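What you see is a predicted model, and the numbers here were worked out from it, not measured in a lab.
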Amino acid sequence: TTLAKTMDKFLVKKKKKRKGTEDDGKSESSSPSSKKAKSTKYLFVVAPGAGGGDCKDLVEVLETLGRVSTRKKWAGTFPSQMAGNVALLSEQSKAKTGEVVVYVGHSFGCRVIAELLKTRDAPAVFESYPLFGPTKPKTQGTDRVAPLKAIPEARNVLVVAGSRDPFLSREWLDPKEPRGIAALRAVLAEAPCTSTLVDVQGAAHNVLKVAKSKQLATRGTLRAAVVAYLDGLHLPLEN
C-alpha cells in the first residue's frame, strides 16, 4: 500500500541518517502488504478502547505488517465484565495456519490484554495503557496498576506511550509518586514480565494523534518499534 511504501522510505532514510553515528462482536480483517509479513505471518488482534472504533490509525500501521482483526464491541467496562471481555478477545484470535497471533491494545483494550496474558502466552503491544483512572481506585477491581504487575514472568510485552498522556498523571496521586512516563516505567520495573517501553514525545492518549506535520514520523516510530519487538522474539518463519 501507499502507507507501507511511504513508511518504508521513511525508515530507510532514518537508518541512513543514523549510519556512522551512535546510537458487538463483528470483526474487520485486512491482508499484509510489507516485506516483513512475507517472512513471518502475523495476525494482529486489535483490542480497542472502551467505546471501540478508535483504532483506525493504529490498524493502518499494522496492516503494513500483517493481517488485522479488530474487536468492535466489549461486554462492558465494569470489573465483573472483564472475564467476558477476555473471552471475546480469545474468540477473536482465529489465526490461519502458520500465523502468529499478536495482541495489540489501545487504552481499555490494553487492560483486557493484560488480563488475558495471565493465562495465555502471546506477543502483546500496549498502546496508551491507561495507568491511572480519573479517581483513586477504591477496590482491587478498579486498580489499573495491578494488572500490569500481575503479567507473568514468562511474558514479553511492548509498551508504547505518549509523554503527554493524562492517564499517566492524575491530581489524586501522591506528590511523591512519579508521574507521566516515569510512573509507567516505575510500574513496569516492578512487573515480573519482560517489557520494552517506547516514549513518544508530544503524544497524548493515542500516540498516533499528533500534529499533521508529525504524523508520518510518529507512524514510522510505532511501526519500527513493533518490528524490532517482534524480531527480538525470534518467532517462527513462514515455510
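- Looking only at side-chain heavy atoms (C-beta outward), Val160 and Leu222 come within less than 4.5 Å of each other.
- Val102 has its side chain out of reach of Leu43: every pair of non-hydrogen atoms, C-beta onward, lies at least 4.5 Å apart.
- Note: Thr194 OG1 to Asn156 CG = 5.0 Å, rounded to the nearest 0.5 Å.
- Tyr129 and Leu173 fall within a single hydrophobic cluster, where Ile, Leu, Val, Met, Phe, Trp and Tyr side chains are chained together by heavy-atom contacts under 4.5 Å.
- Of all non-hydrogen atoms in Leu88 and Lys73, the two that sit nearest each other are CD1-O, 4.0 Å.
- When all heavy atoms of Ser169 and Gly180 are compared, the closest pair comes out as CB-N, 4.1 Å.
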- Task: Tell me, with the steps shown, if Val104 and Leu62 meet side chain to side chain contact (heavy atoms under 4.5 Å, CB included).
- Result: CA-CA 9 Å; Val104 183; Leu62 296 175; 4.0 Å; yes
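- Atoms CG and OG, on Leu197 and Ser195 in that order, are 7.0 Å from each other to the nearest 0.5 Å.
- One finds the CG atom of Leu230 at 8.0 Å from the CG atom of Leu158 (value rounded to the nearest 0.5 Å).
- Other residues, nucleotides and ligands contribute at most 12 non-hydrogen atoms within 6.0 Å of the NZ atom of Lys136.
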Exercise. Verify side chain to side chain contact (heavy atoms under 4.5 Å, CB included) between Ile181 and Leu168, making sure each step is shown before the conclusion.
Key: CA-CA 7 Å; Ile181 294 296; Leu168 300 181; 4.0 Å; yes
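- Note that NZ of Lys149 is 10.5 Å distant from CG of Leu188, once rounded to the nearest 0.5 Å.
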Q. When you look at Phe108 and Asn85, which way does the side chain to side chain contact (heavy atoms under 4.5 Å, CB included) test go after all the steps?
A. CA-CA 11 Å; Phe108 178 76; Asn85 291 328; 3.6 Å; yes
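- The hydrophobic clustering, which links ILVMFWY residues whose side-chain heavy atoms are closer than 4.5 Å, places Phe126 and Val86 together.
- Using a 4.0 Å cut-off between charged side-chain N and carboxylate O, Glu60 and Lys56 make a salt bridge.
- Inter-residue side-chain proximity for Lys41 and Val100 is flagged as unmet; no heavy-atom pair is nearer than 4.5 Å.
- Here the closest heavy-atom approach between residue Ser163 and residue Gly202 is recorded as OG-N, 2.7 Å.
- Atoms CZ and OG1, from Arg219 and Thr64 in turn, are 9.5 Å apart once rounded to the nearest 0.5 Å.
- For the pair Val125 and Val157, the minimum side-chain heavy-atom distance is 4.5 Å or more.
- Between Gly109 and Trp74, the closest heavy-atom pair is CA-CZ2, 4.1 Å.
- Closest approach of Ala124 and Leu117 over heavy atoms only: CB-CD1, 3.8 Å.
- Remark: Phe132 pairs with Trp172 by the ring-ring contact (aromatic ring centres under 6.0 Å, His included) rule, at least two apart or across chains.
- Shown here for Lys94 and Arg67, the closest heavy-atom pair between the two residues is O-NH2, 3.4 Å.
- Listed by first and then second residue, the ring-ring contact (aromatic ring centres under 6.0 Å, His included) pairs involving residues 133-161 amount to none (not counting sequence neighbours).
- Here the side chains of Glu127 and Asn206 are in contact, with some heavy-atom distance below 4.5 Å.
- In terms of modelled atom types and a separation under 3.5 Å, the side chain of Glu177 and the main chain of Asp174 share a donor-acceptor contact.
- Side chains of Arg71 and Pro48 form a contact here, defined as non-hydrogen atoms less than 4.5 Å apart.
- Taking the side chain as every heavy atom from C-beta outward, Lys72 and Thr70 approach each other to under 4.5 Å.
- To the nearest 0.5 Å, the span separating CG on Leu131 from CZ on Arg144 amounts to 9.0 Å.
- Leu208 and Val210 fall into different hydrophobic clusters, where Ile, Leu, Val, Met, Phe, Trp and Tyr residues are linked whenever their side-chain heavy atoms come under 4.5 Å apart, directly or through other members.
- Contact of the Ser93 side chain with the Arg120 side chain is registered, since non-hydrogen atoms from C-beta on lie closer than 4.5 Å.
- Taking hydrophobic clusters as Ile, Leu, Val, Met, Phe, Trp and Tyr residues chained together by side-chain heavy-atom distances below 4.5 Å, Leu89 does not share a cluster with Phe78.
- Linking ILVMFWY residues whenever their side-chain heavy atoms come closer than 4.5 Å, directly or via other members, leaves Phe167 and Val145 in distinct clusters.
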